[in-house]
Amino acid sequence: MTKEISKTYSPQSIEDKWYSYWLSNKYFHAKPDEREPYSIVIPPPNVTGVLHMGHMLNNTIQDVLTRRARMQGKNACWVPGTDHASIATEAKVVQMLRERGIKKSDLSREDFLKYAWEWKEKYGGIILEQLKKLGASCDWDRTRFTMEPSLSEAVIDVFIDLYNKGLIYRELRMVNWDPLGKTALSDEEVIFKDVNSKLYYIKYHLTENSKIEIQNSNLDISISDFVVIATTRPETILADAAICVNPNDERFKHLIGKKALVPFINREIEIIADEYVAMDFGTGCLKVTPAHDKNDYDLGKKHGLEVIDILTEEGFLNEKAQDERYIGKDRFAVRKQIAIDLEEAGFIEKIEEYKNQVGTSERTGAVIEPRLTLQWWVDMKKFLAKNPQVLDAVMNDEIKFHPVNMKNTYKHWIDNIKDWCISRQLWWGQQIPAWYSEDGNFVVAKTEVEAIEKFKIQHPTSNIQHLKQDEDVLDTWFSSWLWPISVFDGFKEEGKEDIKYFYPTNDLVTAPEIMFFWVARMIMAGYEWMGQKPFSNVYYTGIVRDKQRRKMSKSLGNSPDPLDLITQYGADGVRMGMLICSPAGNDILFDESQVEQGRNFANKIWNAFRLVKGLTIKPDAEFAADLLASNKISEKWFDARFNIALAEIEEKCKDYKLSEALMMIYKLIWDDYCAWYLEMIKPVYGEALNQSTYDQTVIFFEKLMLVLHPFMPFITEEIWQEITERKEGESICVASYPAVETYNYTSLQNTFETISKIRELRNNKGISPKEAFEIVIKTSQIELYEPYQFLIKKLANVSSILFNEEAPNYVSLSVSTDQVFVKLNIEIDAVAEAEKINKEIEYLIGFMASVDVKLSNEKFVANAKPELVEKERQKKDDALAKIEVLKQSLAGL
RNA sequence: GGAAGCAUAGCUCAGCUGGUUCAGAGCAUCUGCCUUACAAGCAGAGGGUCACAGGUUCGAAUCCUGUUGCCUCCA
């Protein structure tokens with residue numbers, strides 16, 4: 001050994017060394033040239049984010065795709081960046097300020113933003129730094145941020161453009177209100193959760209007049225003084241505007257048009273009728289609260305009911321609730337309290353346990369409050385009518401989804417699309433370019449100066465002395481949907497080279513849960529502003545879960561820290577562990593043992609490297625002809641194996657079945673190269689290997705490293721650099737990926753089987769591997785064994801091989817259709833041997849019978865493919881031949 | 001409540017248009033081994049009526065129908 005190589009692979013120093021080598025040589029930087037482009041845009045992680053297991057999986061996959069493309073001679077560009085994540089970041093900054101004793105409400109917009117930017121500068125880059133540890137081959141010179149000036153400008157331009165096209169409007173509507181974030185949310189940002197709640201049955205007394213009217217009527221009904229309604233939200237009774245029953249409900253017909261009193265505050269509300277009311281739910285009487293329920297709002301609008309909003313933007317009760325006991329208190333506190341108060345006052349008939357679903361904010365977790373507010377909307381139906389390709393391209397596979405069944409989900413969403421609420425009552429984000437005059441008119445314009453000009457034309461009578469810009473910012477996704485265009489500066493007038501060259505991008509790798517938020521909308525933006533798709537393939541990764549199938553999350557504490565994992569197992573090990581069990585679209589059940597498997601694999605490769613590096617080499621001329629011939633056979637065999645496997649690997653990669661491809665590489669290296677090939681050519685201890693075989697062995701190793709490199713970039717670079725001389729500036733990152741070459745396949749099937757069977761025998765009889773055997777092979781095809789005797793002798797420790805000789809008192813082994821007889825130096829049990837052979841004969845007879853059934857079935861012979869029938873005949877012949885051999889050996893015992 | 005999907009070894013999954021790649025892989029388990037590259041290893045082994053019930057067919061894990069059980073998305 002020329003130099004000492006450590007017995008176990010230690011990734012730490014190697015990984016940092018090579019990553020900085022790659023960066024300093026700018027291998028990841030791409031600019032347009034004459035090569036075929038390959039591009040991926042990263043799903044920009046939130047600036048607030050730290051790397052979690054989902055990112056690890058997602059970015060490993062992107063890196064594999066990018067590195068493969070780069071090695072295959074394409075000009076690969078993976079654009080990194082971060083998302084300003086308006087609501088998530090604003091929440092973090094507010095919290096940080098609170099910890100410092102500063103209230104957001106005490107700050108001006110400008111001061112707040114100053115703090116927010118400070119925060120972003122400090123923490124915003126963390127996640128990208130972490131990606132470097134993973135080995136991500138992003139073009140870091142192209143790092144973008146959704147709120148950097150040029151990207152923000154694109155967002156504003158797009159807003160104005162859409163407004164001018166009549167695709168954006170402003171309207172008072174019921175929205176999903178997040179009382180914690182104090183902002184509106186889009187439907188997609190609301191997560192429904194099952195909760196155990198209570199259904200309260202509350203009595204509303206009729207007014208005196210109503211009672212009298214009913215008594216005076218001619219209806220034959222028993223009179224009661226009240227109606228009962230069922231609700232899960234008793235605090236909202238203070239906002240009730242009516243009670244509604246189904247007009248077809250016989251039980252309540254007499255009540256229609258009468259009046260009832262809201263408990264405690266005694267507001268008179270009318271009992272109205274509408275078929276919307278389900279007769280079989282609750283009591284059949286519905287309380288109508290237009291301000292606090294979407295359906296009630298619609299109902300109220302239809303019947304002209306008053307909208308009584310009793311909640312503040314933070315979800316506290318306001319003075320409209322009228323009852324002093326509750327004003328200024330939180331909605332949930334009031335719910336508890338009012339239930340007790342109602343019960344004490346005798347308004348509660350009963351309380352039932354009830355399971356229902358409650359909408360919560362994706363970002364803050366707060367329970368969503370339906371709230372009537374003035375917001376900005378994108379008219380999605382109109383948008384899609386203008387861009388029908390948004391659906392068509394996915395349905396006809398112009399944009400391919402992996403796995404394909406995601407197409408259904410996509411179509412369903414598109415078919416049921418709702419308008420997109422894009423305004424957010426936040427400060428962190430792109431401020432909406434709408435300008436208001438004091439008399440309530442507005443124009444949409446990029447700057448105040450332009451706004452003034454527009455006012456002069458559109459609202460000449462307005463007072464434009466004090467124009468005020470809209471306070472709200474745009475939904476984060478209103479900037480992310482432009483990402484594949486804006487990262488290449490596609491909205492700018494000049495510098496079109498990048499966008500022309502890299503757009504449309506090739507692959508997008510993302511989580512299925514943001515298909516609507518992001519994927520669908522990028523497709524929309526792509527067609528609207530570029531006139532073509534933003535990417536050709538979408539690979540949906542699964543969700544990373546723990547062994548108990550629970551989603552990994554910070555709050556559950558079931559997620560390992562990715563950086564700790566990398567420190568412990570190496571980036572290569574972690575990448576392999578994540579990928580080995582993650583078919584597209586399937587959730588991955590993460591377990592540290594998989595990462596351990598990855599680390600073990602790296603170590604295995606490392607030791608193969610130690611072996612090869614440690615070999616002593618001598619010229620071929622110094623070796624015996626039979627050894628050289630044997631080694632040639634081994635080389636030829638592995639060459640064929642490699643090419644067969646490579647073809648399969650490429651096939652899998654083409655289908656985006658990366659975990660299957662990786663598994664094939666794993667087996668190719670571990671089983672074929674290490675367990676078989678290296679053992680076949682390895683000289684006995686102390687002896688040398690011939691030069692030509694050594695050279696070939698190194699070439700194989702190199703090729704294996706190239707194929708594995710996209711998956712495990714660090715160890716492959718280290719070995720690729722060390723296995724042979726490299727020039728300064730060379731790297732496996734930019735080396736060419738092997739192509740499938742022609743090969744002559746020599747099947748060593750029978751040889752390998754013979755070796756395995758002899759090893760098995762040794763195992764069963766407890767005979768040491770050091771003890772050599774003499775064997776006799778009975779076969780009609782000597783050519784399947786004769787040239788490979790050397791290998792059988794070496795790998796199964798066999799001292800001599802004879803063909804078709806008598807083998808009295810030998811133990812018989814079945815190899816394919818042949819028999820191998822092994823001479824043991826111990827006494828063999830003739831009776832047991834005979835029994836074993838008889839069993840085998842019995843099985844073969846049964847097997848033949850089943851084949852005969854098929855062959856004597858006229859319909860089978862007539863309908864099945866001829867080659868299939870032929871195969872069945874062959875099976876029968878083989879079995880017959882084998883029975884013959886077995887009978888002979890039985891006689892010999 | 002609506003839609004789609006899934007059900008194959010202990011676990012995670014492959015199995016295209018029905019027939020030798022038809023019952024597979026990796027991990028885990030078990031049994032031997034510290035055999036000069038590797039115990040993070042080596043050599044072997046055992047494990048499945050392909051969820052259940054019908055049907056189509058000469059032939060079904062594969063196609064059809066129903067049942068049950070899971071998961072996801074939407075409301």
Side-chain angles (χ1 to χ4, degrees), chain A residues 1 5-9 187-188 190 192 294-295 357 359 403-413 415-416 418 512-513 515-516 540 542-543 545 547 549 569-570 573 577 580-583 585-591 593-615 651-652 655 657 659-660 662-664 666-667 670-671 674-675 678-679 682-686 755-770 795-797 851 853-865 867-872 874-875 878:
Chain A
M1 245 183 250
I5 309 175
S6 106
K7 205 169 161 181
T8 47
Y9 173 61
D187 291 339
E188 285 72 27
V190 179
F192 285 91
K294 174 81 177 64
N295 295 318
Q357 290 195 311
V404 272
N405 59 347
M406 298 305 278
K407 278 163 78 173
N408 292 326
T409 315
Y410 181 80
K411 183 175 192 309
H412 186 262
W413 185 76
D415 287 345
N416 295 284
K418 299 214 180 66
E513 65 254 36
M515 178 156 86
F516 309 135
Y540 291 100
I543 295 164
R545 298 175 182 275
K547 271 191 290 187
R549 285 201 174 274
Y569 297 99
I580 201 72
C581 58
S582 53
N586 273 32
D587 285 356
I588 96 155
L589 269 54
F590 182 82
D591 183 23
S593 70
Q594 289 152 12
V595 176
E596 211 175 296
Q597 194 189 348
R599 177 203 57 181
N600 294 354
F601 183 43
N603 198 51
K604 181 74 188 176
I605 298 167
W606 186 249
N607 276 290
F609 169 63
R610 281 181 67 216
L611 170 68
V612 174
K613 266 313 238 194
L615 291 167
E651 206 50 48
K652 292 293 180 193
D655 292 344
K657 295 188 172 175
S659 54
E660 284 179 54
L662 178 57
M663 179 55 76
M664 283 175 171
Y666 176 79
K667 287 197 278 187
W670 200 307
D671 298 342
C674 294
L678 288 179
E679 292 300 329
K682 188 167 89 180
V684 283
Y685 184 65
I755 293 164
S756 291
K757 285 282 166 70
I758 295 171
R759 285 169 172 173
E760 184 187 343
L761 177 74
R762 213 186 277 279
N763 246 335
N764 289 342
K765 305 277 182 197
I767 301 168
S768 158
K770 286 173 181 160
L795 298 183
N797 194 13
V851 176
V853 168
K854 264 193 196 173
L855 286 172
S856 57
N857 182 335
E858 281 171 35
K859 285 183 177 170
F860 171 73
V861 180
N863 295 327
K865 284 183 225 151
E867 58 266 34
L868 194 73
V869 179
E870 190 43 49
K871 266 177 189 160
E872 290 295 318
Q874 187 64 47
K875 271 193 207 167
D878 287 349

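What you see below is based on every heavy atom in this structure, not just the backbone, and it leaves out hydrogens, waters and symmetry mates. A note on names: the letters A, B, ... follow the listed sequences, proteins ahead of strands, and every chain is numbered from 1.
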- Query: Which nucleotide, B:rG32, B:rA37, B:rG26, lies nearest any side-chain atom of A:Leu678?
  - Reply: B:rA37

- Task: Let me have RNA chain B in dot-bracket notation, would you? Count Watson-Crick plus G-U wobble pairs, both distances under 3.5 Å, and use [ ] for pairs crossing earlier ones and | for inter-strand partners.
- Result: (((.(((..((((.....[....)))).(((((.......))))).....(((((..]....)))))))).))).

- Message: If I pick the C1' atom on B:rA9 and the same atom on B:rC27, what distance separates them, to the nearest angstrom?
- Response: 12 Å

- Query: If we take the C1' atom in both B:rU49 and B:rC16, what is their distance in whole Å?
  - Reply: 25 Å

- Check if the side chain of A:Lys604 and the base of B:rC38 share a donor-acceptor pair of N or O atoms closer than 3.5 Å. yes

- Query: With a 4.5 Å heavy-atom cut-off, do A:Tyr410 and A:Met406 have their side chains touching?
  - Reply: no

- Item | Donor-acceptor pair (no angle test) under 3.5 Å: A:Asn763 side chain, B:rA43 base | yes

- Inter-nucleotide C1' distance (B:rU65, B:rA60), Å rounded: 15 Å

- Query: What interatomic distance, in whole Å, is found between P of B:rU72 and the corresponding atom of B:rC34?
  - Reply: 50 Å

- From the list B:rU72, B:rA37, B:rG26, which nucleotide is the closest neighbour of the side chain of A:Asn607? B:rA37

- Task: Mind checking side chain to side chain donor-acceptor pair (under 3.5 Å) for A:Asn295 and listing every partner two or more places apart, or none if nothing turns up?
- Result: A:Tyr276

- Query: Using the purine O4'-C1'-N9-C4 or pyrimidine O4'-C1'-N1-C2 torsion, is B:rU49 syn (within 90° of 0) or anti?
  - Reply: syn

